[in-house]
Number of protein chains: 2
Amino acid sequence: MTENQLFQRLQAQLSTLIEQTPAGQRLPSEPDLAKELGVSRATLREAMRAFEAQGQIRRRQGVGTFVVGAPGVMETGLELLESIETLAKRIQLPVSLGAIDINPLLADAAQAEKLRVAEGTPLVEVSRTILTADRPVAFLIDLLPQEYLLPEDLQQGFSGSVLDVLLHRSAPPLARSVAQIQAVSAKPQIAKKLQIQRGDVLLLLEAQLYGADGRIVDYSHSYFIPGHFRFHVVRRVGTA
Amino acid sequence: MTENQLFQRLQAQLSTLIEQTPAGQRLPSEPDLAKELGVSRATLREAMRAFEAQGQIRRRQGVGTFVVGAPGVMETGLELLESIETLAKRIQLPVSLGAIDINPLLADAAQAEKLRVAEGTPLVEVSRTILTADRPVAFLIDLLPQEYLLPEDLQQGFSGSVLDVLLHRSAPPLARSVAQIQAVSAKPQIAKKLQIQRGDVLLLLEAQLYGADGRIVDYSHSYFIPGHFRFHVVRRVGTA
DNA sequence: CAGTGGTCTAGACCACACG
DNA sequence: GTGTGGTCTAGACCACTGA
């Protein structure tokens, strides 16, 4: 073959188009663009997917597809536990709290196992989205026993971060957090919250926060859109 | 709406079907399955995508779609740098070396910047796939100056791991590795190596290995199929 | 209301593996 | 050759936004 797949050619063409379009401008509609590039709409959409997943474009149903400017990247090491809000303040990147949902509930079997509590224990689930430049870039879910945090604790002057509340209260005393790192495909529910397409790629940090007594204080899922975050970890060389 | 999207219903049906099918067995062909489930082939394929990305099924062009048994999961902390081969031996999981490619080259501008060497410096690029149960689960690329590793060094009794060669030689002395963690969508070239579909989700570790003198000894990209690996990191609480 | 992106269909052709 | 998965098309209908 002298040429690559249609898909690759398309992505190159789209890349050029996106670079040449000023930030905030609308791209041609999908039917128009497909006709102009000589492909079907399905193929065009498939090729556009990567650019949306990387945060370079944003598609809004009923409105259009827009080019997003160079994003502020939040870069941080994972060794020290800190909230997104604290990180953003530290690197002077403006973020804001999107929709927040505080939901009291009783532990079902799966939740009880994750938190190592008895089934039926009163819990509180806090989920929220983080925005930069009015775009969702992270979706965070905290689940913890009401013993550690009552829904009322989150009423006044709440930044959105459950972690910051726990850290500043110094009760219960905290020991450490263990985070599992995964790459996942966005489920429809999560995709909707982050205003991306289902199936788009996300980085997931699934973390247990341990108290000084060894109990699990908080169990969290943090979904991040690639391109806005850069996490790193230092790995030591040796045998110990 | 009383029911969810077609896509979600389909995934639930597929999940049941996959669970009920013995490992190694072939699923019905895509046209048959689409007809049976009452959807188009395109929709069926979209729904199957998540299962392939998680390593639960494997599609082989010209052959069929097969159910993969419960995979051996390689779980490890990231604090200590070790090769996949060493990790696998430590947790007694059988892995084997797939295709390996050793490619001497001269540094272009981008490579020179990554390794902090002059353009035109002789380099060697080693790429390889890791298999468990004859299925690719990781694709690794090492790039380093020939000063540190000559292609000839990899001839006899080479396990596949550049890192292990460097560690066992104790020359040059190594200080640490810094790894960036990202979620990425599989590009066509990578997807082919890992026998997955382009666009499937992958975990990427992009790492610089530093020598004791502060120079970069090795620059690597490691792509992992989710479901076969579990990486975790311990995050400390506090202000320091 | 008109126009946008989101979903789904039916069918076609291709590349590949296996007999 | 036959049958598989991989790609692409043309068109339809829906849900949503904003004038």
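What's counted below: heavy atoms across the whole structure, side chains too, no hydrogens, waters or symmetry copies. Chain identifiers are assigned alphabetically (A, B, ...) following the order of the sequence lines, protein sequences preceding nucleic acid strands; residue numbering begins at 1 within each chain.
- Put simply, the residue from A/R59, A/R45, A/R58 that forms a salt bridge (Lys or Arg N to Asp or Glu O under 4.0 Å) with A/E52 is A/R59.
- In the region residues 18-38 of chain A, proximity to DNA chain D at under 4.0 angstrom, judged on heavy atoms, holds for A/G38.
- In this structure, of D/dT17, D/dG6, D/dT9, it is D/dT9 that holds the atom nearest to the side chain of A/A42.
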Taking distance alone, no hydrogens or angles, what donor-acceptor pairs closer than 3.5 Å link side-chain atoms of residues 96-112 of chain B to residues at least two apart or in another chain?
unit_1: B/D108; atom_1: OD1; unit_2: B/A110; atom_2: N; d: 3.0
unit_1: B/D108; atom_1: OD1; unit_2: B/Q111; atom_2: N; d: 2.8
unit_1: B/Q111; atom_1: OE1; unit_2: B/D108; atom_2: N; d: 3.1

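- Contacts classified as side chain to side chain donor-acceptor pair (under 3.5 Å) and involving residues 34-44 of chain A (residues at least two apart or in different chains) are given here: A/E30-A/R41, A/S40-A/T43.
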Quick test: give all pairs of protein nitrogen or oxygen and nucleotides 12-14 of chain D nitrogen or oxygen below 3.5 Å, distance rounded to 0.1 Å.
unit_1: D/dA12; atom_1: N6; unit_2: A/R41; atom_2: NH1; d: 3.3

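- Residue contacts for B/R60: at a heavy-atom cut-off of 4.0 Å it reaches the sugar-phosphate backbone alone, with no base atom in range.
- Counting to the nearest Å, the P atom of C/dG5 and the CG atom of A/D200 are 16 Å from each other.
- Within the structure, the salt bridge (Lys or Arg N to Asp or Glu O under 4.0 Å) test picks out the following pairs touching residues 222-233 of chain A (sequence neighbours left out): A/E75-A/R230.
- Rotation axes derived from the C1' atoms of the five outermost pairs at either end of the helix from C/dC1-D/dG18 to C/dC18-D/dG1 lie 10° apart, to the nearest 10°.
- Comparing C/dG6, D/dG5, D/dC8 against the side chain of B/T65 picks out D/dG5 as the nearest.
- Using a 4.0 Å cut-off, no side-chain N or O of B/S40 falls inside it from OP1 or OP2 of C/dG11.
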field: Full working for ring pair (Phe, Tyr, Trp, His ring centres under 6.0 Å) between B/F139 and B/F224
entry: CA-CA 7 Å; B/F139 178 63; B/F224 301 99; over 10 Å; no
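- One N or O on the side chain of B/D200 and one on the backbone of B/Q197 form a donor-acceptor pair closer than 3.5 Å.
- For B/T43, counting side-chain heavy atoms from C-beta on, the closest listed nucleotide (C/dT7, C/dG6, C/dT9) is C/dT9.
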